Chemist: 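The following block contains the structure, expressed as structure tokens.
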Protein chains: 2
Amino acid sequence: MATGGTAERRAGARSAYLMSMAACPTHRVLDRLGDRWVSLILKELADGPRRHGELSRTVAGVTQKMLTQTLRGLERDGLVARSATGSVPPRVEYRLTPLGESLLPVMAAVTAWAERHIGDIDAARTTYDSSTSP
Amino acid sequence: MATGGTAERRAGARSAYLMSMAACPTHRVLDRLGDRWVSLILKELADGPRRHGELSRTVAGVTQKMLTQTLRGLERDGLVARSATGSVPPRVEYRLTPLGESLLPVMAAVTAWAERHIGDIDAARTTYDSSTSP
DNA sequence: CTGAATCCTCTAAGATACTG
DNA sequence: CAGTATCTTAGAGGATTCAG
């Protein structure tokens with residue numbers, strides 16, 4: 001009966017958001033960087049090429065699925081290069097591309113800010129929480 | 001009723017992740033910045049104080065719930081200050097704290113990188129997608 | 001106007017098992 | 001070792017409604 005208005009409005013709101021995303025490079029980059037495992041993986045790769053298994057062990061708590069998925073995403077964006085040699089046993093290495101390396105200074109800026117101000121944030125949280133709940 | 005092994009293992013993996021998070025300031029900050037609406041809201045507030053309704057209209061596609069929720073989070077972290085005046089009608093303004101303002105240069109660094117390299121990313125995606133699907 | 005509470009949906013992410 | 005496919009679930013996010 002009539003038009004399924006709900007679904008349409010949903011789709012509308014969704015696309016409105018997605019379009020505003022697509023138009024904003026900063027947001028797209030932050031979205032990628034904000035992905036749970038990206039920063040940890042980039043940090044690892046910053047020190048040099050790593051094998052799949054190495055990352056799997058080094059990056060605390062990542063599942064094999066998320067590792068592959070995240071690496072694929074980074075590869076797709078041209079930030080990470082994947083090089084497979086031989087077929088059995090497989091030996092796959094991941095490393096930063098020049099584009100990926102150009103991102104390191106930005107990460108460093110974030111890290112610097114984070115380490116300098118994380119205390120302020122924690123302090124603010126404590127204050128906020130204690131003035132809210134009690 | 002015995003040990004619910006499944007739930008425990010789930011909780012274990014989860015806490016392993018959460019603990020590694022808590023230990024890494026960079027990751028915590030990126031997690032916050034990566035939140036869907038944070039960068040858009042900070043961008044707005046960078047230009048000066050804004051009322052709730054203003055943000056609701058300006059930030060494309062945000063729902064009232066997410067706006068409030070995001071602002072609460074930023075307030076809790078001490079990045080944004082909330083000032084309410086009067087009671088009826090309510091007039092609430094949000095603005096960056098000094099801590100929040102100190103974050104702007106970092107955001108600027110991200111923006112600069114993003115705008116310079118977003119083309120590379122899109123190009124890489126096109127290449128990747130065309131070499132994968134066909 | 002600001003914002004809290006409710007409900008509902010859909011996706012992201014973990015566990016698991018299977019190929020090459 | 002590297003990667004894929006499938007199932008399930010917790011939670012994020014959106015619509016809606018109520019309150020001060």
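Quick note on labels: first sequence line is chain A, next is B, and so on, each numbered from 1. Just so it is clear, the model here is predicted, and its values are computed rather than measured.
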Chemist: Measuring from the side chain of A/Q69 (C-beta onward, heavy atoms only), which nucleotide among C/dA13, D/dG3, D/dG14 has the closest atom?
Modeler: C/dA13
Chemist: Hey, which of these two, B/D35 or A/L71, hits DNA chain D nearer its 5' end, going by closest nucleotide?
Modeler: A/L71
Chemist: Would you mind reading off the distance between B/L55 atom CG and C/dG3 atom P, rounded to a whole angstrom?
Modeler: 10 Å
Chemist: Can you confirm whether the side chains of B/T111 and B/E115 place a donor and an acceptor under 3.5 Å from each other?
Modeler: no
Chemist: Kindly point out which of C/dA13, C/dG3, C/dC1 is positioned nearest to the side chain of B/R82?
Modeler: C/dG3
Chemist: Test salt bridge (Lys or Arg N to Asp or Glu O under 4.0 Å) on A/R28 and B/D122; report intermediate values, then the result.
Modeler: CA-CA 11 Å; A/R28 287 176 57 192; B/D122 283 330; 2.8 Å; yes
Chemist: Would one find a side-chain N or O of A/Y94 under 4.0 angstrom from OP1 or OP2 of D/dC1?
Modeler: no
Chemist: Using modelled atom types and a 3.5 Å cut-off, is there a donor and acceptor pairing between side-chain atoms of B/H27 and backbone atoms of A/R36?
Modeler: yes
Chemist: Please confirm whether the backbone N or O of A/S102 pairs with a side-chain atom of B/W113, one donor and one acceptor, at under 3.5 Å?
Modeler: yes
Chemist: Let me spell it out: for each of B/K65 and B/P90, pick the nucleotide of DNA chain C with the closest heavy atom. Which residue's pick is nearer the 5' end?
Modeler: B/P90
Chemist: Does B/S130 use its side chain to pair, donor to acceptor, with the backbone of B/T127 at less than 3.5 Å?
Modeler: yes
Chemist: Choosing from C/dT2, D/dG13, D/dG14, which nucleotide comes nearest the side chain of B/R36?
Modeler: D/dG13
Chemist: List the residues meeting side-chain contact (heavy atoms from CB on, under 4.5 Å) with A/R50, not counting sequence neighbours, and say none if there are none.
Modeler: A/E44, A/L45, A/D47, A/E54, A/L55
Chemist: Measure from the side chain of B/T63, starting at C-beta and using heavy atoms only, and say which of D/dG14, C/dG20, C/dG14 lies closest.
Modeler: D/dG14
Chemist: Could you state the CH2-P distance from B/W37 to D/dA12, rounded to the nearest angstrom?
Modeler: 16 Å
Chemist: Given the structure, check if the side chain of B/Q64 and the base of C/dA4 hold any donor-acceptor pair shorter than 3.5 Å.
Modeler: yes
Chemist: Rounded to the Å, how far apart are B/R72 CZ and C/dA5 P?
Modeler: 11 Å
Chemist: What's the closest nucleotide to the side chain of B/T68 if the choices are C/dG3, D/dT4, D/dG14?
Modeler: C/dG3
Chemist: Please report the distance, rounded to the nearest Å, between CG in B/L67 and C1' in C/dA5.
Modeler: 17 Å
Chemist: Nearest of C/dA13, D/dC1, C/dC7 to any side-chain atom of A/M66?
Modeler: C/dA13
Chemist: Between A/R51 and D/dA2, is there a side-chain N or O to OP1/OP2 distance below 4.0 Å?
Modeler: yes
Chemist: A/G73 and A/R32: which non-hydrogen atoms are nearest, and at how many Å?
Modeler: O-NH2, 3.7 Å
Chemist: Which angle, rounded to 10°, do you find between the first-five-pair axis and the last-five-pair axis of the helix from C/dC1-D/dG20 to C/dG20-D/dC1?
Modeler: 40°
Chemist: To the nearest Å, how far apart are B/H52 NE2 and C/dT2 P?
Modeler: 6 Å
